[in-house]
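I have placed the structure first, in the form of structure tokens, so that the comments after it can refer back to it.
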Amino acid sequence: MDLNSASTIVLQVLTQATSQDTAVLKPAEEQLKQWETQPGFYSVLLNIFTNHTLDVNVRWLAVLYFKNGIDRYWRRVAPHALSEEEKTTLRAGLIANFNEPVNQIATQISVLIAKVARVDCPRQWPELIPTLLESVKVQDDLRQHRALLTFYHVTKTLASKRLAADRKLFYDLASGIYSFACSLWNHHTDTFLQQACRGDEAAATNSLERTLLSLKDTYCYYIFQGFLHAVFERLKQFLECSRSIRAENVCRDRLEKTIILFTKVLLDFLDQHPFSFTSLIQRSLEFAVSYVFTEAGEGVVFERFIVQCMNLIKMIVKNYAYKPSKYIEDSSPETIEAHKIKTAFFTYPTLMEICRRLVTHYFLLTEEELTMWEEDPEGFTVEETGGDSWKYSLRPCTEVLFIDIFHEYNQTLTPVLLEMVHSLQGTTNMEDTSAILIKDAVYNAVGLAAYELFDSVDFDQWFKNQLLAELQVSHNRYKPIRRRVIWLIGQWISVKFKSDLRPMLYEAIRNLLQDQDLVSCAMCIIFLNGFLPVDDFEFRTDQFLPYLESMFTLLFQLLQEVTECDTKMHVLHVLSCVNERVNVQIFFTDSKNLYPFLLPVIQLSTDVSQPPHVYLLEDGLELWLVTLENSPCLTPELLRIFQNMSALLAGFLLTECFLALNILF
């Protein structure tokens, strides 16, 4: 393909390929596909996307076609592989000038250079790294930034190679440029800190962007522990710097991202090289505990940073590499050394402070959560029980850390937690919101540590003497405690809870369902889900039968009132479980008495014209099947539900169809 004559034609076709008109777009795409294997095509694309006077959309498309071509035709063994002569020209053109003005295109160019480097560097492309090193030293801001961006993508790609020979090449490369990468990072970091202290927001933002890129470059070489020791000092400097940067400043967001990247360096190194991390255990624990569990972090920490610090503590506490064998002589010297460091750090005062701070600070319901409870109780429940946003928030992280630390050091922490429980005996003052929230948090801790507390808590007596009474407190401000107590019982029922106490519990659950507090009702549903399944051998049908009709009616009312998919599915699953657990003793003799509250549930959940059927259908079909299997005869009420059958067979997946056919035949 002659470059001079072809450039105009390719440019015209690329322009057509950016059209919104499919009549123009499709033929252009077909033509570009035919040119993919033509010699010289990628040289034309290079000339087009490096020409800054052309339309951005056209240049963007050109760089994408170039990048896709690397994946398909760059390797020598590929069908229609590019010639070595053309590849030599392309490599030289890609690093001729780092001056792309459009960020998105610059990123794509950096990525495609990294793709070529993965195949050719350093053997066929020895000049790449030296060129990048020289380019990041220039004074021009744009060129320096683009070179840093490319340097990052190249080093990240080379570091990801796994063959032994490739790892050796990368190690040799890293040894040669690590010092430069660190000095570059330190230079941009110092520049940012100076500008931030002067209040020069625009300059500080630009420097921070370079700090972030150079940190990512250095991050690829974190096999060098000297860099990791430097991370702690820089983290402290950045955290202190954040005090002077306003929340609305764009620099604040980038600063926080940089801080998170610092912590990610530590977490990744700990995960991949636990024994090499041994010399950093003490410093890591001191740093994380200081900022998260003492006054040192006040005014500087933010949620994602706290999560990262807690993850760092958790990974050290749980790390199997740091746990000696049952017989100490079977453990490696590295394991014994790491265990000694952990033991020396986690003294009684330190563990007590961590435990108390987790419970009385991080476990507390926040103002935002309480407001959400009042304004959107069902949404609050969905998040509290594992919604997508919940799983990435601070609360689950604190709870997991508490569980792990309590499990590891339960002999030390059990008396601490029991003392907190004993201090909260009796009904709490309704006017003291703080005391109510503290009790909620302590009960949360007792539930999370249920298995560890088996021998230390007489839960049956606690239930009869304290918890049952708290479930009966109807004051509106006591809602958090009612919700927490039913959750707490759910945590303990499979650990230590006498079967004889269940009727009292059923009575309490029924009362909560009658209160119409959606959060407490939803917690009851989750509780019922926990012990109604068939693997609960303590469940006795005769104990549950007196509450069956009222419970079923209340559950169906709740099913009609709630709007969240997760809540509806929980409710219907409980209805199915109730049906399954009690059918042996009552369906054969008295099943018709259940129809007034059973059949409307089946009708609603299997009617494809009703929106809830999307998430209720499977449980509804199972409920329908169990009902039919235990019905002595077909009644008019049962036959009316069969009006839903044709639509079910017409439009649903194999599993649902099999269930429907089982019902039909």
Side-chain angles (χ1 to χ4, degrees), residues 1-83 85-87 89-91 93-119 142 146 149-150 153 156-157 388 565 608-609 611 613-615 617 647 650-654 656-657:
M1 181 178 286
D2 178 68
L3 295 186
N4 293 328
S5 60
S7 292
T8 303
I9 300 172
V10 174
L11 179 60
Q12 181 182 0
V13 175
L14 282 170
T15 304
Q16 293 169 347
T18 63
S19 172
Q20 301 297 314
D21 185 352
T22 55
V24 177
L25 171 65
K26 292 298 182 182
E29 289 180 337
E30 288 297 322
Q31 181 60 70
L32 290 168
K33 186 173 181 61
Q34 293 177 18
W35 283 339
E36 283 182 356
T37 57
Q38 291 294 311
F41 176 60
Y42 295 96
S43 297
V44 173
L45 291 178
L46 175 64
N47 289 340
I48 290 174
F49 70 71
T50 55
N51 185 345
H52 305 158
T53 64
L54 297 177
D55 179 73
V56 170
N57 293 323
V58 172
R59 296 201 301 121
W60 169 262
L61 193 59
V63 78
L64 290 184
Y65 268 94
F66 192 105
K67 188 175 71 171
N68 292 336
I70 293 172
D71 292 332
R72 295 172 183 168
Y73 310 115
W74 194 271
R75 294 183 182 275
R76 282 178 293 180
V77 296
H80 309 291
L82 277 71
S83 67
E85 294 76 14
E86 184 172 8
K87 288 197 289 187
T89 303
L90 294 174
R91 285 193 293 259
L94 287 171
I95 58 174
N97 203 341
F98 298 99
N99 62 348
E100 173 54 54
V102 180
N103 288 334
Q104 294 88 338
I105 295 178
T107 299
Q108 291 300 321
I109 293 174
S110 297
V111 170
L112 68 86
I113 290 175
K115 284 179 176 287
V116 174
R118 184 177 183 87
V119 179
L142 179 64
R146 299 319 190 212
L149 182 65
T150 305
H153 282 287
K156 179 182 177 183
T157 299
D388 287 338
C565 298
V608 298
S609 67
H613 86 273
V614 175
Y615 35 85
L617 180 60
F652 285 96
L653 301 175
L654 195 58
E656 285 80 6
C657 283

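Position 1 is the first residue of the sequence, and the numbers go up from there.
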Considering all heavy atoms, the nearest A28-A17 contact:
CB-N, 3.7 Å

Validation row: Q16, K26 side chains within 4.5 angstrom (heavy atoms)
no

side-chain contact (heavy atoms from CB on, under 4.5 Å) between K67 and V111, intermediate numbers included
CA-CA 8 Å; K67 188 175 71 171; V111 170; 4.0 Å; yes

Taking all non-hydrogen atoms of both residues into account, name the closest pair between T157 and A114 and its distance.
OG1-CB, 3.3 Å

Is there a side-chain contact between K87 and R76 (heavy atoms, below 4.5 Å)?
yes

Could you measure the distance from the CG atom of L25 to the OG1 atom of T18? Nearest 0.5 Å is fine.
8.5 Å

Take the angle between the ring planes of W35 and F41 and call it parallel below 30°, perpendicular above 60°, tilted in between.
tilted

Heavy-atom side-chain proximity of F66 to V44 below 4.5 angstrom:
no

Compare every heavy atom of T50 with every heavy atom of N47, then report the nearest pair and how far apart it is.
O-OG1, 3.4 Å

Can T15 and D55 be said to form a side-chain contact (heavy atoms from CB on, under 4.5 Å), step by step?
CA-CA 9 Å; T15 304; D55 179 73; over 6 Å; no

Heavy atoms, side chains only, cut-off 4.5 Å: are P101 and H52 in contact?
yes

dist F98:CZ -> L142:CG (nearest 0.5 Å) comes out at 11.5 Å

For the residue pair T150 and S110, what are the closest heavy atoms and their distance?
OG1-OG, 3.0 Å

Within the 4.5 Å heavy-atom criterion, are I70 and L82 side-chain neighbours or not?
no

Residue pair R146 / A106: nearest heavy atoms and the distance that separates them
NE-CB, 3.4 Å

State the CZ-CG distance between R59 and L64, to the nearest 0.5 angstrom.
12.0 Å

Show your reasoning for whether side-chain contact (heavy atoms from CB on, under 4.5 Å) applies to L14 and I48.
CA-CA 10 Å; L14 282 170; I48 290 174; 3.7 Å; yes

side-chain contact (heavy atoms from CB on, under 4.5 Å) between Q108 and F49: does it pass, once the steps are laid out?
CA-CA 11 Å; Q108 291 300 321; F49 70 71; over 6 Å; no

Side chains of N51 and T53: do they bring a donor and an acceptor to under 3.5 Å?
yes

For the residue pair H80 and Y73, does the interplanar ring angle fall in the parallel (under 30°), tilted (30 to 60°) or perpendicular (over 60°) class?
perpendicular

Any salt bridge linking E86 with R91? Criterion: basic side-chain nitrogen under 4.0 Å from a carboxylate oxygen.
no

Report yes if the side chains of V10 and Q31 come closer than 4.5 Å at any heavy-atom pair, otherwise no.
no

Taking all heavy atoms of A81 and all of R75, pick out the closest pair and write down the distance.
CB-O, 3.3 Å

Under a 4.5 Å cut-off applied to non-hydrogen side-chain atoms, are I113 and H153 in contact?
no

One should read off an interatomic distance between K33 NZ and N68 CG, to the nearest 0.5 angstrom, of 10.0 Å

Do Y42 and L45 come close enough that some side-chain heavy atom pair is under 4.5 Å?
yes

